[in-house]
Amino acid sequence: MAVVNTEAKIFACTQSKVLGEQIAKAFGVNLGNVITSTYSDGEFQPSYEESIRGTRIFIIGSTNPGPRNLMEMLLMIDAAKRASARHITAVMPYFGWARQDRKDKPRVPIAAKLVAKMLEAAGATRIITMDLHADQIQGFFEKPVDHLFASTIFLPYLKSLNLDNLTIASPDMGGSKRAYAYSKALESDVVICYKQRAKANVISHMELIGDVTGKNVVLVDDMVDTAGTLTKAADLMMERGALSVRAICTHPILSGSAYERLKNSKLEELIVTDSIPLSQESDKIRVLGCADLFAEVMEKVHNNQSISSKFVM
């Protein structure tokens, strides 16, 4: 009679090595040994340096662009499949390419759907991710997707600030659902920013729907890229009489002039998770760890237990 290996092993892609070590420690195991060999032209090959036959493995790796992070995840999954792992769970704290979740003009790709299909073709049997840019991306997969909410990390921190006259704000119309969920949990008011873009990452006009006079405002969003929207919204709200403006953004992409914009803005604090490692330090950025959340969910998945308590907005 065949013996089923019930052990779980955790491995990490290069970019997410630090987070992977923290998750493994919280899970109660050592991070698995993977060696990545690189050819002179940049081609690389990950190699598992321990047996994973018959095991459930978790591969930790955010897939923010450029393409190396996604390619490394795909190669790690394929290698695990060919090494006879029993279950292969791709743990993607940040699911990259998610902004391309639909055709917003003719002759463009739906990259999020393509990434989903590639992950499944590589051999992933389950996906665990956090704060997708668009909820409907779950429907691009034929495999189970556990979509966690970073609100379980952010809400306790917000409550610890004990802010009077708290108001939750969405930096755009698309984030209004998230803002309303936070406001319900915190029993606060909601305001929404309306913005028009000249092109990607360039805002031509922004207007505020709601009153922020005498309020401590917290902007809520799933990611911060160039920080153009957040800093513009923060400056607008201070001009309209807000006492202070903070921002909560799950994924700190922070590309281009983002750090400089944050430094020069009226934003008091940017609160993020460590789903993506910061490229530089900033006095205005506070990082809250997500390792415990992922470790707990991974343990429940491994033991076939319910994780519905982690889907609270």
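One-based numbering along the sequence shown.
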Min side-chain heavy-atom separation [X]-[Y] under 4.5 Å:
X: L270; Y: K284; result: no
X: I23; Y: M298; result: yes
X: F154; Y: T273; result: yes
X: I153; Y: C290; result: yes
X: T125; Y: R86; result: no
X: I137; Y: W97; result: no
X: F149; Y: T250; result: no
X: I209; Y: M173; result: yes

Would you say [X] has more than 12 foreign heavy atoms packed within less than 6.0 Å of its [atom1]?
X: E260; atom1: CD; result: no
X: K266; atom1: NZ; result: yes
X: Y259; atom1: OH; result: yes
X: Q136; atom1: CD; result: yes
X: M71; atom1: CE; result: no

Looking at [atom1] of [X] and [atom2] of [Y], how far apart are the two atoms once the value is rounded to the nearest 0.5 Å?
X: D146; Y: I307; atom1: CG; atom2: CD1; value: 3.5 Å
X: M92; Y: I128; atom1: CE; atom2: CD1; value: 11.5 Å
X: I127; Y: T89; atom1: CD1; atom2: OG1; value: 8.0 Å
X: L70; Y: L75; atom1: CG; atom2: CG; value: 9.5 Å
X: I271; Y: L158; atom1: CD1; atom2: CG; value: 5.5 Å
X: D283; Y: L262; atom1: CG; atom2: CG; value: 11.5 Å

Please determine whether residues [X] and [Y] belong to a single hydrophobic cluster, defined as Ile, Leu, Val, Met, Phe, Trp and Tyr linked transitively by side-chain heavy-atom distances below 4.5 Å.
X: L293; Y: I276; result: no
X: L208; Y: M206; result: yes
X: L119; Y: I10; result: no

Side-chain donor/acceptor of [X] to backbone N/O of [Y], under 3.5 Å:
X: S16; Y: A12; value: no
X: N303; Y: Q305; value: no
X: Y48; Y: M76; value: yes
X: T63; Y: G96; value: yes
X: E72; Y: N69; value: no
X: H147; Y: L132; value: yes
X: S244; Y: N216; value: no
X: R178; Y: V220; value: no
X: K9; Y: S51; value: yes

Under a 3.5 Å threshold, yes or no: a donor from one side chain and an acceptor from the other, between [X] and [Y]?
X: S84; Y: R53; value: yes
X: N64; Y: S62; value: no
X: S282; Y: Q280; value: no

Passes side chain to side chain contact (heavy atoms under 4.5 Å, CB included), L254 versus I285? Steps please. CA-CA 11 Å; L254 297 173; I285 300 177; 3.8 Å; yes
[X] bridged to [Y] by N-O distance under 4.0 Å:
X: E207; Y: R240; value: yes
X: D78; Y: K81; value: yes
X: R286; Y: E269; value: yes

Specify whether F58 and H302 have parallel, tilted or perpendicular ring planes, treating 30° as the upper limit for parallel and 60° as the lower limit for perpendicular.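 Answer is perpendicular, since the angle exceeds 60°.
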Any idea how F141 and F95 line up, ring-wise: parallel (<30°), tilted (30 to 60°), or perpendicular (>60°)?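 Taking F95 first and then F141, their aromatic rings stand perpendicular (interplane angle over 60°).
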State which residues pass salt bridge (Lys or Arg N to Asp or Glu O under 4.0 Å) with E268; sequence neighbours excluded, sorted by chain then number.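 If we apply the salt bridge (Lys or Arg N to Asp or Glu O under 4.0 Å) test to E268, skipping adjacent residues, the hits are R246.
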Holding to salt bridge (Lys or Arg N to Asp or Glu O under 4.0 Å), I want the full list of residues that pass it with E187, two or more places apart in sequence or in another chain.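 E187 satisfies salt bridge (Lys or Arg N to Asp or Glu O under 4.0 Å) with no other residue.
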Take D131 and H251 through the test side chain to side chain contact (heavy atoms under 4.5 Å, CB included) and record every step on the way to the result. CA-CA 8 Å; D131 278 4; H251 309 297; 3.9 Å; yes
Could you pull out all donor-acceptor pairs under 3.5 Å where a side-chain atom in residues 24-41 meets a protein atom, sequence neighbours excluded?
from	atom 1	to	atom 2	distance (Å)
D41	OD1	E43	N	3.1

Are Q22 and F294 close enough, and set up right, to give a side chain to side chain contact (heavy atoms under 4.5 Å, CB included), and what steps lead you there? CA-CA 10 Å; Q22 293 171 350; F294 278 99; over 6 Å; no
